Visitor: 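I'd like to ask some things about the structure below.
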2 protein chains.
Amino acid sequence: MSTEPDISADNDEIARRSIGARRNPASQEAILDAAQAVMQEGGIAGFSIEAVARRARAGKPTIYRWWPHRTALMLDVYKRFKNARSFPDSGSLRSDLISFLEDHLLGFWQGSLCGTVYRAVVAEAQTDPEAAKVLKAYQAERLAYSAQMVDRAKARGEVPAATDGELIVDLVVSYAWHQLLLGQIDDAIARVPTVIDTILGGVRGYRE
Amino acid sequence: MSTEPDISADNDEIARRSIGARRNPASQEAILDAAQAVMQEGGIAGFSIEAVARRARAGKPTIYRWWPHRTALMLDVYKRFKNARSFPDSGSLRSDLISFLEDHLLGFWQGSLCGTVYRAVVAEAQTDPEAAKVLKAYQAERLAYSAQMVDRAKARGEVPAATDGELIVDLVVSYAWHQLLLGQIDDAIARVPTVIDTILGGVRGYRE
DNA sequence: CTCCAATCGAAACGATACGTTTCGTTATAT
DNA sequence: ATATAACGAAACGTATCGTTTCGATTGGAG
């Protein structure tokens with residue numbers, strides 16, 4: 001998998017300087033590279049602004065100038081991975097949701113650095129109210145966007161128009177979060193079809 | 001609600017001393033009281049061993065001696081609340097699950113300190129592998145225990161014997177976690193019946 | 001009864017990270 | 001030509017970490 005941005009072209013360059021009264025793209029990139037590397041090597045616990053600054057050979061003020069919170073920096077690292085993932089549109093809600101849970105959530109987090117980063121972001125949001133606000137907004141946006149899968153199913157007549165698309169997607173995402181935060185991604189991936197079938201079909205043979 | 005242990009009888013007592021070569025119960029209680037108070041006043045962010053020690057007028061080594069991790073201390077505070085909550089057994093799976101989600105999860109966390117403490121524990125588990133192990137074990141145990149609700153429904157013939165009880169409960173718990181960690185407990189409580197009905201019945205009118 | 005051992009609170013330790021401020025340098029924008 | 005704003009570097013004071021000392025306390029072993 002080449003989902004991970006390349007950071008092998010390390011900072012062999014000469015020391016960066018100011019390029020005038022504007023942001024230095026090279027510095028920004030070096031900082032993101034460093035943040036990713038630090039997260040990769042030391043995990044969540046070792047992730048600090050100081051460590052990133054050292055690794056990037058950047059001044060702390062430069063980081064604080066462009067990223068108000070540690071969370072903002074982590075989210076930017078996360079977003080580097082989430083590059084143009086086309087949304088599943090297979091023509092079937094079931095396989096759309098399976099692909100969504102298996103590829104876009106669990107599979108995306110598995111193995112790569114993304115899971116680690118996302119866990120850190122969620123953890124940070126429990127401490128920092130500002131981070132909580134950012135994460136909540138991000139989740140709301142993603143939820144609304146993902147609900148389009150259900151909208152398309154409605155258009156196909158696959159589900160009634162009254163179906164609460166956001167709730168369906170919320171159940172899928174909630175399950176993925178729970179598994180991620182408990183470090184059970186690998187186990188969860190094996191059960192994806194069962195989970196989706198349960199969410200779509202409910203408890204088989206349930207007598208109301 | 002009087003779910004919260006009383007800590008109003010504050011430490012007006014004289015300074016505690018050693019009572020010999022054994023644990024001082026008064027100190028342990030004072031530390032737990034202080035931990036709860038600190039969490040209550042400063043939230044997760046302000047929670048530090050130093051702050052707890054100051055508040056309890058205890059020495060830091062005394063805390064480190066009895067609680068290896070910060071998480072262990074937080075979990076002990078959490079457990080003070082979780083006093084003998086009897087499990088829902090209403091004779092109907094639907095109302096059992098509604099009560100479970102509304103009272104034992106969301107309602108238990110709402111308002112009281114428990115939600116804050118639990119969020120802190122989950123956050124800590126993302127950083128500290130030891131905390132992760134403890135939390136994972138705790139969740140697995142609770143999951144198996146809660147699945148008994150579905151087992152009783154099976155015995156009543158309400159659901160087929162092949163139903164995956166742990167998956168049903170997992171979906172409910174996952175939803176509760178997601179809402180807790182996003183700070184949306186209040187909104188979530190209003191939607192409890194809809195959520196349970198969706199999990200039990202699936203998407204109404206879904207054509208497989 | 002004597003003394004050992006383990007506890008207690010208090011204080012201080014070095015280390016680390018926080019977020020901010022200063023400084024001299026650089027180069028765009030006006 | 002000059003004001004402006006970014007850059008890296010260094011240092012600031014504050015806070016918490018987890019550990020180490022210290023003297024005082026008191027139960028339990030010998």
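Here is the naming used below: chain letters follow the sequence lines, and residue numbers restart at 1 for every chain. Not measured: the values here are computed from a predicted model.
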Visitor: Using only side-chain N and O atoms of A:Q28, determine if any of them is under 4.0 Å from OP1 or OP2 of D:dA6.
Guide: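 Indeed not, no polar side-chain atom of A:Q28 lies that close.
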
Visitor: Which whole-number value in Å describes the distance from B:D128 CG to D:dC17 P?
Guide: 13 Å

Visitor: Answer yes if the ring centres of A:F87 and A:H104 are under 6.0 angstrom apart, and no otherwise.
Guide: yes

Visitor: Any donor-acceptor pair under 3.5 Å linking the side chain of B:T163 with the backbone of B:V159?
Guide: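 No; zero donor-acceptor contacts below 3.5 Å.
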
Visitor: Can you tell me how far apart OG (A:S27) and CZ (A:R17) are? Round to the nearest 0.5 Å.
Guide: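 Separation between the atoms: 11.5 Å.
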
Visitor: To the nearest Å, how far apart are A:R16 CZ and C:dT25 C1'?
Guide: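 It is 15 Å, rounded to the nearest whole Å.
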
Visitor: Write down the distance between CD1 (B:I19) and P (D:dT25), rounded to a whole number of angstrom.
Guide: 15 Å

Visitor: Could you tell me whether the phosphate oxygens of D:dC7, OP1 or OP2, come under 4.0 Å of any side-chain nitrogen or oxygen in A:W66?
Guide: yes

Visitor: Whole Å only: how far is the CZ atom of B:R65 from the C1' atom of C:dC8?
Guide: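 So the two atoms are 7 Å apart, to the nearest Å.
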
Visitor: Which listed nucleotide (D:dA24, C:dT21, C:dC18) is nearest to the side chain of A:E50?
Guide: C:dC18

Visitor: Does B:F47 or B:G20 map to a spot on DNA chain D nearer the 5' end, using the closest nucleotide for each?
Guide: B:F47

Visitor: Any salt bridge between A:D33 and A:R80, counting N to O under 4.0 Å?
Guide: yes

Visitor: Nearest whole Å is fine: how far is D:dT14 C1' from B:R54 CZ?
Guide: 12 Å

Visitor: Measure from the side chain of A:R17, starting at C-beta and using heavy atoms only, and say which of C:dC8, C:dT25, D:dC17 lies closest.
Guide: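 Shortest atom-to-atom distance from the side chain points to C:dT25.
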
Visitor: Rounded to the nearest angstrom, tell me the gap between atom CD1 in A:I49 and atom P in C:dT16.
Guide: 18 Å

Visitor: Quickly work out the A:Y64 OH to D:dA10 P distance and round it to whole Å.
Guide: 18 Å

Visitor: Strictly below 4.0 Å: does A:R22 bring a side-chain N or O up to OP1 or OP2 of C:dA27?
Guide: no

Visitor: Could you say whether A:S18 or B:T62 is positioned toward the 5' end of DNA chain C, judged by the nucleotide with the nearest heavy atom to each?
Guide: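 That would be B:T62.
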
Visitor: Going by modelled atom types, is there a donor-acceptor pair between the base of C:dG9 and the side chain of B:K60 at under 3.5 Å?
Guide: no

Visitor: Please tell me which of the listed nucleotides, D:dC7, C:dC8, C:dT20, lies nearest to the side chain of A:P61?
Guide: C:dT20

Visitor: Please report, rounded to the nearest Å, how far the C1' atom of C:dC8 is from the CZ atom of B:R57.
Guide: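 Roughly 15 Å, once rounded to whole Å.
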
Visitor: Within the pair A:R23 and D:dC7, is there a side-chain N or O less than 4.0 Å away from OP1 or OP2?
Guide: no

Visitor: So how far is it from A:M74 CE to A:Q36 CD, rounded to the nearest 0.5 Å?
Guide: 14.0 Å

